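The structure appears below as C-alpha cells.
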Amino acid sequence: MSEEKNTAPKETLFSPRNKKLLSEPIGKENPITVQVLGICSVLAITVQVRASLVMAISVVAVMGFANVIISLLRHGIPPRIRIIVQLTVIAALVILVDQVLKAFVYDVSRQLSVFVGLIITNCIIMGRLEAFALNNKVWPSFLDGIGNAAGYGSILLLVAAVRELLGAGTLMGYQIIPNFMYQIGYVDNGLMILPPMALITVGVIIWVHRHRDRSLVDVS
Amino acid sequence: MEELVSIFVRAIFIDNMVFAYFLGMCSYLAVSRTVNTSVGLGAAVVFVLGFTVPVNYLLQNYILGRGALAWLGPQFASVDLSFLTFIMFIAIIAAMVQLVEMLIEKLSPTLYSSLGIFLPLIAVNCSILGGSLFMQERNYANMSEAVSFGLGSGVGFFVAIVGIAAIREKIRYSNVPAPLRGLGITYIITGLMGIAFMSFMGIEL
C-alpha cells in the first residue's frame, strides 16, 4: 500500500508533468522575460560569455540544492521565520560556490566581484523557494529549481553572446569577426560593452519573445 | 568634509545603483507603476541603506576582516573571517530592516503607514546587500564615509525609481507596439536613462 502511494505521484522520474517543470521555465514561464525575477545580475555581468557561463552554472547549483534542502525541511520550518531560514540556506550555499570559484577560476571570480554574493538576494531563488519548494516533494522541487535556473542561464548567455559579439567581435574570448572585416572598415560597437545596452538587449529579447507568443502580451 | 560630499555625489550620479550596477532591479520594475508607491519604496531604501551600510562597516572592520579581531588580544590578530561575509551581512540586513520598521512605527506612524508593505520587502532587495558588498570592496576609510556612501546610494535609487515611475505614468497614453508594452518598454527606457546618466561618468570629484 505504502509503496503504491509512493510510486503513484512519482510515476517515472521523467513523467510528462516533471518534464514540464523543466521545460516551461525555459520558454513560456521564463523567470526573466515573463516572471520578472532575478534581473539584477543578468544585466551586470553579461559583457562576456565566459563570466555569464560561470554565473549561470553557479545559479543552477545554488538553486537546485536550495530547492532540495528547503523541500526536505518543508514540514519543519515554522511559517513565521521561513524567510530567515531560506536566506540562511541560500547564503550557506552561496558561500560554498564563492569559495569554489575563488579556488578554481580566480580571474572570473574577480570579474564577477560582488555579484556572486548577490546570488543570495537574487529573487528567482527566493521566489521559487516560496512558490514551489515549500509545498512540493523533493524531486519535482529539484527539477523546478534546475529548470528555472536554466531559463535564467539561457537568457544570460543569449544577452552575453549578443553583447560580446557586437561589442568586441569575440565569443568566449575567441575572435569571431574575421580580420579582413576590420580592414575594410568594420568597427566594434563600443556602446554594447556599456551597461545600458544590456537593458536594451533584454528589452528587445522580450519584444521578440512576446511577438512570437501573443498570450504573454501585457494588456494593462 | 569635501571628501564626504564627493562620495555622496559619486554614489548618486556616477555609481548609481540602478543605472550603473542594475541593483534592486526587481523592485525597481515591480513597484514603479505609479509615482506615489515609488516614492514610498525609494524613501524606505534610503533609510535602510543609510542604516545597514554603517553597521556592516563596523562588522567588517571589527569582526570579519583580516586582523579585525586584534582588539580581542594579540592571538586573534591573524584570524580572517571574511568567508562569513555573506551570511553575516544578510543577517544584519534582515535584522536592521526589522529594527528600522519598528523604529519608524514608533516615531512616525504616518510615514510607517505610507511605506506599508515595502519595508519588509527591502530585506531581499539586492541594492541593500550590494551597497554593503561595495562598501567592503572599496575599503572606505572611516565611519562617516560609509554613512555618506550608504545615503548616497539610497538617494540614487530614489531618483531612479521616481524618474521611471513618472515616465511610465506618461507612457500609458502613447502607442507602444503591443508586445513591447509593460516590461519591454520599461527596460528600453531604463537603458536610455542609463545612457543619460553615463554623461556624468567623466566627472572627477
Side-chain angles (χ1 to χ4, degrees), chain A residues 32-34 36-45 83-84 86-88 90-96 98-99 102 113-127 191 194-214 216-220, chain B residues 16-30 33 83-91 93-95 98 120 123-137 172 176-198 201:
Chain A
I32 290 163
T33 59
V34 183
V36 205
L37 293 174
I39 297 148
C40 321
S41 52
V42 175
L43 303 164
I45 50 154
I83 298 212
I84 304 276
Q86 287 163 1
L87 279 177
T88 317
I90 300 170
L93 286 168
V94 170
I95 290 177
L96 285 180
D98 185 45
Q99 298 291 326
K102 275 193 183 136
S113 78
V114 300
F115 289 97
V116 179
L118 288 174
I119 298 177
I120 299 172
T121 47
N122 191 323
C123 19
I124 304 183
I125 300 181
M126 281 293 275
L191 192 59
L194 299 173
M197 285 315 285
L199 285 160
I200 295 180
T201 314
V202 176
V204 172
I205 289 173
I206 291 174
W207 189 359
V208 173
H209 189 206
R210 295 194 174 180
H211 184 75
R212 299 180 66 173
D213 191 344
R214 286 283 172 165
L216 297 175
V217 170
D218 194 345
V219 282
S220 65
Chain B
N16 187 292
M17 277 285 173
V18 174
F19 297 127
Y21 298 107
F22 310 112
L23 297 176
M25 226 33 193
C26 310
S27 38
Y28 169 83
L29 290 170
R33 280 178 193 274
F83 65 93
L84 283 176
T85 303
F86 297 149
I87 216 161
M88 293 295 277
F89 278 9
I90 200 76
I93 287 168
Q98 202 80 48
V124 286
N125 184 329
C126 25
S127 61
I128 309 290
L129 182 60
S132 292
L133 292 176
F134 275 126
M135 173 275 297
Q136 185 191 31
E137 207 178 74
R172 216 165 286 154
V176 179
L180 205 52
R181 247 172 234 166
L183 192 55
I185 193 72
T186 312
Y187 271 107
I188 292 178
I189 294 170
T190 311
L192 296 176
M193 287 168 81
I195 292 177
F197 264 72
M198 271 169 52
M201 216 141 86

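Letters go in sequence order (proteins before strands), and every chain restarts at 1. Fair warning: this is a prediction, and the values are worked out from it, not measured in the lab.
- Residue B:L29 touches chain A through its side chain alone, counting heavy-atom pairs closer than 4.5 Å.
- Residue A:D98 holds its CG atom at 8.5 Å from OG1 of B:T85, rounded to the nearest 0.5 Å.
- A distance of 6.5 Å separates CD1 in B:I188 from CH2 in A:W207, rounded to the nearest 0.5 Å.
- To the nearest 0.5 Å, atoms CE (B:M88) and CD1 (A:I95) are separated by 10.0 Å.
- Residue A:I205 does not touch chain B at all, counting heavy-atom pairs closer than 4.5 Å.
- With sequence neighbours excluded, no residue satisfies ring pair (Phe, Tyr, Trp, His ring centres under 6.0 Å) with B:Y28.
- The shortest non-hydrogen separation linking A:A91 to B:I87 is CB-CG1, 3.7 Å.
- Proximity to chain A is limited to the side chain of B:M198, based on heavy atoms less than 4.5 angstrom apart.
- One finds the CD1 atom of A:I206 at 4.0 Å from the CG atom of B:L183 (value rounded to the nearest 0.5 Å).
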Checklist line | Stepwise side chain to side chain contact (heavy atoms under 4.5 Å, CB included) check, B:L192 with A:I200 | finding: CA-CA 8 Å; B:L192 296 176; A:I200 295 180; 4.2 Å; yes
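- Comparing B:F19, B:F134, B:F197 by how many heavy-atom pairs each has under 4.5 Å with chain A, the most go to B:F134.
- The candidate from A:G203, A:P196, A:A198, A:A92 with the greatest count of non-hydrogen atom pairs under 4.5 Å with chain B is A:P196.
- Of the listed residues (A:R212, A:R210, A:H209), just one forms a side-chain contact (heavy atoms from CB on, under 4.5 Å) with B:P179, and that residue is A:R210.
- The residue from A:L87, A:T88, A:I90, A:V94 that alone fulfils the side-chain contact (heavy atoms from CB on, under 4.5 Å) condition with B:I90 is A:L87.
- Interface residue B:A94: only side-chain heavy atoms are found under 4.5 Å from chain A.
- Note: B:L180 CG to A:H211 NE2 = 11.5 Å, rounded to the nearest 0.5 Å.
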